[in-house]
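Data block below; observations after.
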Amino acid sequence: MADATTLTPVLSDRWDADRPWDLGTYESRGGYRGLRKALTMDAADVVTTVKDSGLRGRGGAGFPTGMKWGFLPAPDGGPRYLVVNADESEPGTCKDIPLMLADPQLLVEGVAITSYAIGCHHAFIYLRGEVVHVYRRLLHAVEQAYAQGYLGKNVLGSGYDLDVTVHAGAGAYICGEETALLDSLEGRRGQPRLKPPFPAVAGLYARPTVVNNVESIASVPGILVGGSDWFRTMGTDRSPGHGLFSLSGHVQRPGQYEAPLGITMRELLAMAGGVREGHELKFWTPGGSSTPIFTAEHLDVPLTYEEVGAAGSMLGTRALQVFDDSVSVVKAVSRWTQFYKHESCGKCTPCREGTFWLAQVLGRLEAGQGTSGDIDLLLDLCDNILGKAFCALGDGATSPITSAIQYFRDEFEAGTHTPADVLFPPERASLFPYTPRRSGQLAGAH
Amino acid sequence: MTAIDHPRIPGSGRPRAAYDDATRERLAADAAQVVARYPDPRSALLPLLHLVQSEDGYVSPAGIAFCAATLDLSTAQVSAVATFYTQYKRRPNGEYTVGVCTNTLCAIMGGDAIWEDLTDRLGIGHDETTADGKITLERIECNAACDYAPVMMINWEFFDNQTPDSAAEVVGRLIAGEPVAPTRGPSRVQTFKQVSRVLAGFPDGLADEGVAAGEPTLRGLRLARENGWTAPSVDAAERDAAQEQQAEPAAPAATSTAPAASAPQPGGEQSSVDRPAAGAPERTAEQEKVEHRADDTSKPADSEKES
């Protein structure tokens, strides 16, 4: 890689085409070459190719995708399923939705290749329900793919059969957790399952199941066409390939920037025109609200799974939310905590009760009515949640709190006497001037 | 609060928990299509609840009874699911759900200002509906459009980069009965019932309308184009690989060959949280299923009380 990292549009390469969602456009721009190639290969070799590419899960956890496929037990004659996690709901994360809106065929092709590789004949795309136009585009894409023989009976004359169902959820962040997603897809409340058994062994309908993120699956066609070595020309040895980096917040040009893993926030910020004029960077999230926050001292951390981890956070979904010096970190964290409280499914007591108490304590700190023991109380509550629930929602709820206290303890201390809105008037942070009408009141309750 | 206008049992005022024959037959035909999409009928429950909302504008008692009868579940089982998800409404919803993102990033960028302005203008709060039944207002969570903050969703279509004025203008037009167009979506926002039918998996033919992407989505790509930045060529990589493989022709397609089996280990890296409960006996998936179902049916049948 050269000194200055440059962008590498692969997934985003067709987004500026005329009607890129249409199958005709997709085919004319090289679409379905990956599937054609896969169908000439032994299924196990497709798995090997993806394993060799080093592709790691793009939904946050970063587990090697090919290895996940390899965990399926040997076929026993019964069904095996692929379920695509398109429930993108992590605060700050906004990459899969634009991908599916612009280029849904790329996902459908990835689904077909992956299904073939793992011996699945019925795949599901679980899309969050709150994006109806994306659902229209996905339904349309699947319909077109059936009509052209990319899905259905005897795919492209190969003898391989595949059905794809696009399923709309109904509003629940927790369904992005893979086992909650499976329960939801089975028509139940979306609550996580205890693991093991892992979905690879007992997933959808208790059958072997692979659950992968949209961007992971969308990366598969390119790997099939270009090969695993091609994929590895981008990124680093342990975090290979391209990824969508989503910049939002107080940057001049927020948006999607597709780059090799290992690019730094400093480089991305420069591409996005820097922080809002007249302001300094205060804090940012590397991978959504569930990843510990970073500050200006982390601008040169290469954005790979390992290096972000070593610096004390997680690469997550590369959801880079930027907050400048006009923002109260207490208010930001308080609002995120309201979110976790709202979205906790209620199954595990530490998360259900803990997020409720966290929100209460943060609410009074935000209102300038905290007590001197509140910081310790928050940390103690976090300690009682972290690692003590079935899934990562509770863990994620503690990340912004503990990291914000680590970097901005004085702001939490100020919450014992001064409201956040007085220290950081919200009209200075907003993109337009306005007069807050209910300043000082406890915000975010619902 | 708007009056509940679902059918009532004459003389009692209690809602009639059943559709008339014609409605039930029509919905049953739709439901059969939904059920056919899944290997297990119960998977159809979420789309069927969307279908019920497309009929009644909320998850009505009649709709709950219909779902239960269709999937051979108890009404309590259906209610337990319906009350878990925020898109399912327990009271008649307005023709348009106006959702303002007040999660951290949108809130800070101006979502709080939009929210304050709309609540003041409409005189209603979260999950409340205007007296004319037009607008249901909601604070919504992150809707995956953070690069377009502050975001407003109307019937789950994107209204990007909003201000209090732009949001008020759109809502004013909805109240006046005028069509409004989302930033990224079809040329006109559909009604709550129409959108609910799409979410049940019945296309409305609007997929080709609207843009592929807004400006922020395309920013990285445009920058790459301006600078001549590209990913390494897949075509070149493909040619190289093809030359290498020429000596060895590709094997014909196999329908399904198993990759080597190696079960994930507890505590392994496979998923977000992989800590086995200490000392917990390992249950089979079948046992879990049985317990799961037993849980469901043992819940008190209180679903009819809520209306």
Side-chain angles (χ1 to χ4, degrees), chain A residues 6-10 12 15 20 39-40 42-44 47 61 70-71 73-75 88 91 94 97-98 102 119 129-130 132-133 136-137 139-140 158 165 168 170-172 187 189 198 202 206 225-227 230 233 248 253-257 321 332 335-336 391-392 429-432 434 437 446, chain B residues 37 40 42-43 45-46 81 84-88 103-105 108-110 113 116 126 139 142-147 156 163 185 195 198-199 203 207 212-213 216-221 224 229 231-232 234 237-238 241 250-251 253-259 261 264 266 269-270 272-273 285 289:
Chain A
T6 58
L7 298 176
T8 51
V10 176
S12 57
W15 292 357
L39 291 172
T40 68
D42 199 78
V47 176
F71 279 142
E88 182 168 69
C94 50
I97 293 300
E130 302 103 318
V132 68
H133 207 53
R136 289 190 187 96
R137 291 259 163 97
L139 288 171
H140 182 62
S158 65
T165 299
R189 295 164 75 89
F198 290 95
V225 175
W230 164 81
T233 58
S248 61
R253 292 188 291 276
Q256 307 300 319
Y257 295 80
Q321 306 174 85
R335 194 63 65 91
W336 277 323
C391 84
S430 63
L431 290 183
F432 42 77
Y434 80 108
R437 292 179 196 174
H446 60 295
Chain B
R37 295 178 204 145
D40 181 329
R42 179 154 183 176
S43 283
L45 182 50
L46 267 66
V81 172
F84 186 82
Y85 298 93
T86 51
Q87 279 183 292
Y88 298 134
N103 201 304
T104 298
L105 189 118
I108 284 171
M109 303 298 281
E116 287 173 12
H126 172 68
R139 301 169 68 99
C142 185
N143 223 92
C146 316
D147 43 349
W156 309 114
T163 64
V195 160
V198 176
L199 291 175
T217 299
L218 294 173
R219 275 192 178 127
L221 185 59
W229 296 336
V234 287
E238 194 181 27
T255 41
S256 104
T257 307
E269 225 190 322
Q270 196 195 3
S272 45
V273 172
K289 289 259 149 199

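The model shown is predicted, which means the values in this text are computed figures rather than measured ones. Proteins come first, then strands; the chains are lettered A, B, ... in the order of their sequence lines, and each starts at number 1.
Proximity to chain A involves both the backbone and the side chain of B:A113, based on heavy atoms less than 4.5 angstrom apart. In this structure, the portion of A:I97 lying under 4.5 Å from any heavy atom of chain B is its side chain and not its backbone. With a 4.5 Å cut-off on non-hydrogen atoms, A:T6 touches chain B through its backbone and its side chain both.
Listed by chain and residue number, B:E157, B:D204 satisfy the salt bridge (charged side-chain N to carboxylate O under 4.0 Å, His left out) test with A:R136 (two or more places apart in sequence, or in another chain). Scanning for ring-ring contact (aromatic ring centres under 6.0 Å, His included) contacts around B:W156 gives an empty result, with sequence neighbours left out.
Looking at B:R219, its side chain does come within 3.5 Å of a backbone N or O of A:P254 through a donor-acceptor pair.
Contact count versus chain A (heavy atoms, under 4.5 Å) is highest, among B:G110, B:A212, B:A145, for B:A212. Of the listed residues (A:G227, A:P20, A:G226), the greatest number of heavy-atom pairs within a distance under 4.5 Å of chain B belongs to A:G226. Put simply, of B:P216, B:A207, B:A213, B:A224, the one with the most heavy-atom pairs under 4.5 Å next to chain A is B:A207. Ranked by heavy-atom pairs under 4.5 Å with chain A, the first of B:L45, B:V234, B:L46, B:T86 is B:V234.
A:T233 approaches B:P232 most closely through the heavy-atom pair OG1-CG, 3.2 Å. Residues A:A332 and B:I108 come closest through the heavy atom pair CB-CD1, 4.1 Å.
Taking 4.5 Å as the limit, some side-chain heavy atom of A:Q256 sits within range of a side-chain heavy atom of A:C94.
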